[in-house]
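Working notes, structure below.
Labels below follow one simple rule: chain letters A, B, ... track the order of the sequence lines, proteins then strands, and each chain is numbered from 1.
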Number of protein chains: 2
Amino acid sequence: MKNNNKPLTLKKVAEILNCSTATISNAFNRPDQLSAALREKILTECKRIGYHGPNLTARSLRKGESGVIAVLLTDSLAYHFTDPVANQLLQGISEVLEKNNKQLLMLSSATNAQQTSGIEALPDGFIVYGSQDHNPLFERVVQQGKPIITIDFDIDEYPSVNIDNQQAAFDIANHVLEKKPESPAILGLRLIHSDRVCRITDDELFDENESISRRRLDGYLKAAEQHNYQIKSNRIWHVPKNTYELAKQAAHEALTSHPLPDCLICMSDNIASAALNIAREMNIRVPEQLKIVGFDDIPEASRLSPPLTTICQKSREKGKTAALKLIQGKLQDKTILPSQLVIRSSS
Amino acid sequence: MKNNNKPLTLKKVAEILNCSTATISNAFNRPDQLSAALREKILTECKRIGYHGPNLTARSLRKGESGVIAVLLTDSLAYHFTDPVANQLLQGISEVLEKNNKQLLMLSSATNAQQTSGIEALPDGFIVYGSQDHNPLFERVVQQGKPIITIDFDIDEYPSVNIDNQQAAFDIANHVLEKKPESPAILGLRLIHSDRVCRITDDELFDENESISRRRLDGYLKAAEQHNYQIKSNRIWHVPKNTYELAKQAAHEALTSHPLPDCLICMSDNIASAALNIAREMNIRVPEQLKIVGFDDIPEASRLSPPLTTICQKSREKGKTAALKLIQGKLQDKTILPSQLVIRSSS
DNA sequence: GTGAAAGCGCTAACAC
DNA sequence: GTGTTAGCGCTTTCAC
């Protein structure tokens, strides 16, 4: 089974089959350039002698296209494999790519940027997930002049796929604040730049920017205002990444703080799930003593006990939409995908 | 920000900087071939004019290496993003790759094999996850004559990373059968080739092969024998893929079958998790009325209520080990990673 | 329908 | 230390 010979080249194949390289190439790429019979014969011969078609590197160098689509991720790849939301997104993307015979290359902005591998020259297009302020890899991607589509953030010149984060956050906060909790708290995600779980400060509460988390926080605060709550900055926790461990830490801090929150508005289902577990450990009954709501609607959300009230943001759909737009070359518009409040028994 | 110019080439850069292409190339690839000062100057100039280093396609064609490592997956990519075990494995792999400045390319054997993109020529090495009998893409991969390492299955000529599935399965079955359940049942994974959830037949019970599931089933049956159980084939369910939906279906069938099982030995934590949920819906108390054990020790296992007794197989470690061996060129041996029984309260 | 040949962008051997 | 050049494997134009 093992093989130590060099793979055949088109040129050698042409020699063996005793015709020109152009004919072999045409057999693989342009059926109209030769008779069906000859093409068939060549293809069968190739299979027999073990030539499986032109080498990607060479073809791509020549044609300037590779059939590879890259997903540019903000954090490390390893992190993205742990994040259920990223997982769903990648699932949607790969569904579309597979259907269209495209290969998926995962590129991480967190990669050691010194060692420039030049990999950004390979893909025919890029799906950029998550904001990229002054990321060197992203800048090299832009330089390629290839199609780019962004997800969960926006750059004027490029098409994008987003949801209305502020509205969605408003909806879910509105829903839970209608129950008149006494001391609601917020477990936010990536609110500030610290890599520690911590509370935010008053300044930060009013710090305007374009991030998703800011949009969501705005939605929460708007709902709070309408219900005459004033949520102070020290009732808002910052979780630096959407990992279970950090979420647990934040949930634990919140549920051991004074006054004890009776309502946790979480910026991700992961955080909400951790909060649910901490509450169970502490024998706090959900939803009677504590209401918990999440965001995302990851698959786990409906299986938790109690199942989680959340915002369904169809991450898989997001990925599919972005991949499809990229492949079909529909590169004009900005898409806002619908999201909706899903009420389950955690609230 | 948007860019429509063609990226600079090394040749153009050489013209602009008024030196030869070799010098530019050397500045990027072989620091020893020119003075540090000149190199520094070239690199800064390049950055200024927007040349970010040699194009991967060309370099790879020339050098025969790309810095890309491929993971060859049995099922569709989309499926692998949903499977928590695959996720952990990929996490481990990408940790190592990122540390070593390698790019990750995910290749699916399930891809439309007609349209041969030639992509298999690009990677410098392959991590093959899961058995590949007569898969055309795998055969093309073999043809490349590049390093290959297999995970969770074995081919004589290639190094591999595995666990002792039979022993692990024996251990966990032994543990739960010691509790003397009256009617144990097995929820297996990929036992046969059907894509339906179904029970297996007597013939299939004795059908020898090299698969993981066969190894695990052997372990279960050996433990059963030692405890004087005779588990009949109609007490063994086949789950075709490790998805939650299929697992739920199998668990539901098992828990509505007669005699009602009071012990479910599940071949994955996913299946066990679904069984746990079905049991809760049916008001069957775990572990009092029903013992459930899993396999894998996915992150969710310890968070379920009750937490799951399972086999910890360190999938992340598996991925790391495989990637590391591939990168370091340690291509001799077969590695068997340790796994262990983790007893929690579901049994 | 077919073949000869240029050249995609780069690296490395070799000459200077 | 630097420059010239062949050629990695392929596609495509152009001449036949």
Side-chain angles (χ1 to χ4, degrees), chain A residues 5-42 46 50-67 116-122 124 140 143-146, chain B residues 5-42 46 50-67 116-122 124 140 143-146:
Chain A
N5 309 332
K6 276 206 304 189
L8 285 167
T9 69
L10 189 145
K11 198 172 158 191
K12 278 188 224 141
V13 171
E15 263 171 44
I16 297 172
L17 300 197
N18 199 30
C19 62
S20 83
T21 59
T23 305
I24 310 290
S25 173
N26 285 333
F28 281 98
N29 299 304
R30 309 198 299 185
D32 52 308
Q33 297 293 303
L34 73 178
S35 69
L38 178 59
R39 174 161 191 262
E40 205 45 55
K41 197 188 128 216
I42 291 180
C46 283
Y51 180 73
H52 301 290
N55 168 300
L56 177 76
T57 323
R59 134 182 288 194
S60 161
L61 176 58
R62 179 62 233 246
K63 302 222 302 181
E65 68 181 63
S66 60
T116 149
S117 76
I119 186 81
E120 66 276 6
L122 182 69
D124 300 333
R140 282 186 271 136
Q143 289 261 345
Q144 302 299 319
K146 304 258 185 76
Chain B
N5 308 333
K6 276 206 303 188
L8 284 167
T9 68
L10 189 146
K11 199 172 157 190
K12 278 187 223 140
V13 171
E15 264 173 45
I16 296 172
L17 301 197
N18 200 28
C19 63
S20 83
T21 60
T23 305
I24 309 290
S25 173
N26 284 334
F28 281 98
N29 300 304
R30 308 197 302 184
D32 53 306
Q33 296 293 304
L34 71 179
S35 68
L38 178 58
R39 174 159 191 264
E40 206 44 56
K41 196 189 129 216
I42 291 180
C46 282
Y51 181 73
H52 301 289
N55 169 301
L56 176 76
T57 323
R59 136 184 285 194
S60 162
L61 176 58
R62 178 63 234 243
K63 301 224 302 181
E65 68 181 62
S66 60
T116 149
S117 76
I119 186 83
E120 66 276 6
L122 181 70
D124 299 334
R140 282 187 270 137
Q143 290 260 346
Q144 303 299 318
K146 305 258 183 73

Checking D/dT2, D/dC10, D/dT4 against the side chain of B/L38 (C-beta onward), the nearest is D/dT2
Side chain of B/L34 (C-beta onward), nearest among D/dG9, D/dC10, D/dT2: D/dT2
Name the closest nucleotide to the B/C19 side chain, picking from D/dG3, D/dG9, D/dT12. D/dG3
Nucleotide C/dA4, atom P - distance to CD1 of A/I24 in whole Å: 13 Å
Proximal nucleotide (of C/dC10, C/dA12, D/dC10) relative to the B/R30 side chain: C/dA12
Between C1' on D/dG7 and CZ on B/R59, what's the gap in Å once rounded to a whole number? 17 Å
Result for 5'-nearest mapping on DNA chain C, choosing between A/Q33 and A/T21, is A/Q33
Which atom of A/Y51 lies closest to which atom of A/L10, heavy atoms considered: OH-CB, 3.5 Å
Contacts of B/A22 and B/L61 projected onto DNA chain D by closest heavy atom; the upstream (5') one is B/A22
Specify the separation, in whole Å, of atom CG of B/D32 and atom C1' of D/dT2. 14 Å
Round to the nearest Å and state the distance from A/L56 atom CG to C/dC8 atom C1'. 14 Å
Closest to side chain of A/T23, choosing from D/dT2, C/dG3, C/dC10: C/dG3
Please state how far atom NE2 in B/H52 lies from atom P in C/dG9, giving the value in whole angstrom units. 16 Å
The nucleotide from D/dG1, C/dC8, D/dC10 with an atom nearest the side chain of B/S35 is D/dG1
In short, A/F28 meets A/P54 closest at the heavy-atom pair CG-CD, 3.9 Å
Nearest-Å distance, CD1 (A/I42) to P (C/dG3)? 9 Å
Test applied, side chain to side chain contact (heavy atoms under 4.5 Å, CB included); reference residue, B/I24; option that passes from B/L17, B/I16, B/L34, B/T9: B/L17
Which part of the nucleic acid, if any, lies within contact of B/N29, taking any heavy atom under 4.0 Å across all strands shown: a base, the sugar-phosphate backbone alone, or nothing? sugar-phosphate
If you check the B/T9 side chain, which of C/dC10, C/dA12, D/dT12 turns out closest? C/dC10
What does B/Y51 touch in the nucleic acid at a heavy-atom separation under 4.0 angstrom: a base, only the sugar-phosphate, or nothing? sugar-phosphate
Can you measure B/K41 atom NZ to D/dG1 atom C1' for me and round it to whole angstrom units? 14 Å
Among C/dA12, D/dG1, C/dC10, which is the nearest nucleotide to the side chain of B/K63? C/dA12
What's the separation between atom CG in B/L122 and atom OG in B/S117, rounded to the nearest 0.5 Å? 9.5 Å
Output the rounded distance in Å from CG (A/N26) to P (C/dA4). 14 Å
Crowding at CD, B/E40 (>12 non-hydrogen neighbours, <6.0 Å): no
